[in-house]
Amino acid sequence: MDAGLFCGLAGRLKCVLFALSFLFLGYPAYAADTTTPTKSSRDVVLVGDAVCTKCHDEDQAYPVLRIGKTRHGVNADARTPTCTSCHGESEEHARTGDDDHPQPPDITYSVMNSAVPGAERVQNDISFAPSPASERSAACLGCHEGSSRMFWASSAHSNRDVACNNCHQIHTGDDRVRDVQQQTELCFGCHKEQRAQMHRPSHHPVPEGLMGCSDCHNPHGSAGTKQLAKDSVNETCFQCHVEKRGPFVHNHQPVTEDCAICHNPHGTTIAKMLKARPPFLCQECHSHSSHPSQAAALPDVRASSSRQLGSVGRGCLNCHTNIHGGNSTENSPTAGRFRR
Ligand code: HEC
Ligand code: HEC
Ligand code: HEC
Ligand code: HEC
Ligand code: HEC
Ligand code: HEC
Ligand code: HEC
Ligand code: HEC
Ligand code: HEC
Ligand code: HEC
């Protein structure tokens, strides 16, 4: 509504002034509060970075300005951090930065302690001890709590002092852990046992770069065990192996319970990532009576007996072909035995 409508003729000049002040002074002040902040002339890449970038630049052993090219450098986004969002106000540090013995910033991550490739080669003249893992992660969680990090606090990584920067690299556009091809090596760095398993003859195509650990794991923690991407082992597998979900007319109890009873998803020396070769795999459970309990033997002239067939080729699977569940509707008491 036009402010002028409320003005008598006598007060017209005053009114015009009032309207002008509203339009040209009041409104811009209001606008400054809601639109995104803009860089001042001395800021280099992030809003308000001048206080730090007067000393830190791209020429250092560990160049910092490349952050301007990452998602953290999108200044048009009001949620974008500045140096002090992650490193703390660090006033003492900035004040003493030129001294012989500068005070450390409030939060230090230390390149040596992070995912930076070749970090061991980055040598600063002066180096500060990294802040405790919980403080380093807390700086990030201020903006990144929730969503896929909902279970971070109770995760094995957080409990064993693995911090965000052990996996994520901030001052570069190439965050290795988010690239399926490069992620595996990073995880292997701490998980030697899985490295060995993944290089066994039967494995998921992870070393080949077609899948990443994060297809099955949420390294930020999860509601289920072992930081699995879904709430259970089976739900995690069903993401890709939907045909194993069923429903089947005849279910095999261990299959509905946990795929990892028979398979090691990281890899094994036996085909199909099986933990043991049939008949031994099957005999871990089926050994009470009849042919399932018969000792393995090489086939002889009468090689048609189930005893011998159970130990050649696919073993018990020569006959029990549908081991994950059968849909036979044959009206017979033995129909449900995963033979088709
Ligand atoms: C007056 C110069 C100066 C200013 C201003 C300054 N620094 Fe530093 N900073 C240094 C020096 C010198 C070092 C020692 C390491 C090196 O050789 O780079 C250092 C080291 C650091 C380190 C590495 C710590 C480690 O070992 O992990 C971080 C992080 C850091 N500064 C952040 C900041 C931040 C954030 C600001 C702004 C609030 C800032 N600095 C302002 C001079 C300065
Ligand atoms: C989103 C969080 C974040 C922001 C914003 C950020 N940093 Fe960093 N900084 C880190 C992390 C994490 C590391 C550890 C190395 C890495 O992951 O890249 C680091 C490393 C450093 C280092 C080297 C530390 C060492 O060990 O030598 C310096 C210096 C530094 N930052 C300064 C700055 C300056 C200056 C700014 C502003 C232009 C800034 N940082 C903005 C998170 C941040
Ligand atoms: C002041 C808020 C703030 C802080 C502190 C912060 N971030 Fe971010 N971060 C953002 C915003 C905003 C984005 C971009 C929007 C989004 O992806 O949600 C982002 C994006 C990211 C992304 C995705 C990048 C991409 O390319 O999609 C990662 C990974 C990330 N941050 C990690 C970290 C880590 C690790 C720290 C601590 C060292 C940290 N952040 C600290 C605000 C923050
Ligand atoms: C053990 C390694 C590891 C640690 C530790 C880690 N992350 Fe991640 N992060 C990943 C991987 C892997 C992805 C990619 C996930 C994907 O593509 O499904 C990711 C993705 C992200 C993303 C972008 C996608 C998303 O889920 O929103 C953000 C933001 C992020 N991490 C923040 C953090 C923060 C904050 C911390 C510390 C509290 C942290 N991360 C700790 C490995 C890690
Ligand atoms: C195809 C899915 C899948 C992929 C890919 C995968 N994992 Fe796993 N991982 C699992 C399952 C399922 C378990 C739980 C096994 C169990 O309960 O016996 C597990 C367990 C683990 C454990 C805990 C082991 C223990 O005994 O406590 C670690 C550590 C692990 N995985 C690391 C990795 C790493 C590192 C990668 C990438 C190199 C990776 N995983 C890739 C499915 C997968
Ligand atoms: C800096 C070292 C480090 C890195 C890097 C790392 N982890 Fe871990 N991880 C650990 C530690 C320590 C544990 C807890 C002890 C253990 O089970 O070995 C752990 C545990 C796990 C577990 C078992 C969780 C549980 O609840 O038992 C899984 C799964 C896992 N990590 C997956 C990953 C994946 C996937 C990556 C890469 C995206 C990764 N880790 C990168 C150190 C690391
Ligand atoms: C992100 C998708 C994905 C997830 C999740 C996944 N797999 Fe797989 N799986 C694959 C791919 C891709 C192959 C390889 C198919 C090929 O080589 O033809 C495969 C192959 C297999 C094979 C056969 C290997 C062979 O030698 O033929 C088994 C057994 C298997 N997966 C079990 C599992 C189990 C158990 C889980 C859950 C812990 C799981 N998978 C989760 C994608 C996945
Ligand atoms: C009782 C042991 C057992 C359990 C539990 C089990 N499997 Fe299997 N799985 C096998 C055997 C044995 C084979 C080899 C079949 C063959 O050689 O024809 C196999 C083969 C596979 C294959 C490759 C061949 C195919 O049929 O596609 C995939 C994929 C697979 N299993 C996924 C799963 C998933 C997903 C689960 C959990 C829902 C699971 N398995 C649970 C025993 C099991
Ligand atoms: C972890 C234990 C376990 C393993 C390993 C296992 N099974 Fe089973 N199996 C069971 C259970 C439990 C039942 C349900 C028994 C029942 O209903 O009496 C079952 C049922 C069966 C049945 C149907 C029995 C009936 O009375 O209808 C057949 C056939 C069978 N399994 C074959 C196999 C074969 C072949 C293998 C190896 C590839 C195998 N099982 C591995 C636990 C296992
Ligand atoms: C030559 C085909 C054949 C082979 C090989 C075979 N089975 Fe069977 N199995 C059958 C048939 C047919 C039945 C149903 C008739 C019956 O109950 O005797 C059956 C029934 C079963 C049953 C349920 C009844 C019982 O006897 O307990 C189980 C469990 C079983 N098989 C497990 C196995 C295991 C474990 C192996 C490998 C050591 C195996 N089978 C090898 C054909 C075979």
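Both counts, for ligands and for their atoms, begin at 1 and track the order of listing. Residues take their numbers from the sequence shown, with the count starting at 1. Note that these values count all heavy atoms, side chains included, but never hydrogens, waters or copies made by symmetry.
- Between Gln169 atom CD and Ile67 atom CD1 the span is 11.0 Å, to the nearest 0.5 Å.
- Which parts of ligand 8 touch Cys237 is read off a 4.0 Å heavy-atom cut-off, strictly below it: atoms 35 (C).
- Taking the side chain as every heavy atom from C-beta outward, Arg66 and His171 never approach each other to under 4.5 Å.
- Metal site remark for atom 8 (Fe) of ligand 9: His286 contributes an N, O or S atom at a distance under 2.8 Å.
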Note every protein N or O atom lying under 3.5 Å from an N or O atom of ligand 4, pairing the names and giving the distance.
{"unit_1": "ligand 4", "atom_1": "7 (N)", "unit_2": "His168", "atom_2": "NE2", "d": "2.9"}
{"unit_1": "ligand 4", "atom_1": "7 (N)", "unit_2": "His220", "atom_2": "NE2", "d": "2.8"}
{"unit_1": "ligand 4", "atom_1": "9 (N)", "unit_2": "His168", "atom_2": "NE2", "d": "2.8"}
{"unit_1": "ligand 4", "atom_1": "9 (N)", "unit_2": "His220", "atom_2": "NE2", "d": "2.9"}
{"unit_1": "ligand 4", "atom_1": "26 (O)", "unit_2": "Ser148", "atom_2": "OG", "d": "2.8"}
{"unit_1": "ligand 4", "atom_1": "26 (O)", "unit_2": "Arg149", "atom_2": "NH1", "d": "3.3"}
{"unit_1": "ligand 4", "atom_1": "27 (O)", "unit_2": "Arg149", "atom_2": "NH2", "d": "3.4"}
{"unit_1": "ligand 4", "atom_1": "31 (N)", "unit_2": "His168", "atom_2": "NE2", "d": "2.8"}
{"unit_1": "ligand 4", "atom_1": "31 (N)", "unit_2": "His220", "atom_2": "NE2", "d": "3.0"}
{"unit_1": "ligand 4", "atom_1": "40 (N)", "unit_2": "His168", "atom_2": "NE2", "d": "2.9"}
{"unit_1": "ligand 4", "atom_1": "40 (N)", "unit_2": "His220", "atom_2": "NE2", "d": "2.8"}

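- At a heavy-atom cutoff of 4.0 Å, ligand 9 is contacted by the side chain of His320 but not by its backbone.
- Each of the following atoms of ligand 9 lies closer than 4.0 Å to a heavy atom of Cys316: 35 (C).
- With a 6.0 Å radius and a threshold of 12 heavy atoms from other residues, nucleotides or ligands, Arg277 has its CZ atom at or below the threshold.
- In this structure, NZ on Lys275 lies 8.0 Å from CD1 on Ile261, to the nearest 0.5 angstrom.
- The aromatic rings of Phe188 and His199 sit tilted relative to each other, their planes meeting at an angle between 30° and 60°.
- Within the listing of ligand 9, atoms 1 (C) sit less than 4.0 angstrom from a heavy atom of Ile261.
- Side-chain atoms of Phe238 and Lys244, non-hydrogen and from C-beta on, do get closer than 4.5 Å to each other.
- Atoms of ligand 8 lying under 4.0 Å from any heavy atom of Phe238, numbered from 1 in the order shown and given with element: 38 (C).
- For ligand 9 and Pro254, the ligand atoms under 4.0 Å from any heavy atom of the residue are 1 (C), 3 (C), 7 (N), 10 (C), 42 (C), 43 (C).
- Every atom of ligand 9 is numbered from 1 in the order shown, and the set under 4.0 Å from a heavy atom of Leu281 is 5 (C).
- Note on Ile270: it does not cluster hydrophobically with Met273, by side-chain heavy-atom contacts below 4.5 Å among ILVMFWY residues.
- Between Leu274 and His263, some side-chain heavy-atom pair lies under the 4.5 Å cut-off.
- Within the 4.5 Å cutoff, side-chain heavy atoms of Gln183 are placed close to those of Ser214.
- The ligand atoms of ligand 9 that sit less than 4.0 angstrom from a heavy atom of Gln253 are 12 (C).
- Separation of atoms OH (Tyr109) and CG (Asn166) is listed at 12.0 Å; rounding is to 0.5 Å.
- Taking the N/O/S atoms of His252 in turn, the shortest distance to atom 8 (Fe) of ligand 9 belongs to NE2.
- Under a cut-off of 6.0 angstrom, the local environment of CZ in Arg200 is crowded, with over 12 non-hydrogen atoms contributed by other residues, nucleotides or ligands.
- Atoms of ligand 9 found under 4.0 Å from any heavy atom of Ile323 (numbered from 1 in listed order, with element): 33 (C), 34 (C), 35 (C), 36 (C), 38 (C).
- Residue-ligand proximity, Leu317 to ligand 8, at heavy-atom distances under 4.0 Å covers atoms 12 (C).
- Close contacts of ligand 9 with Cys285, meaning ligand atoms under 4.0 Å from a residue heavy atom, involve 1 (C), 2 (C), 3 (C), 4 (C), 5 (C), 42 (C), 43 (C).
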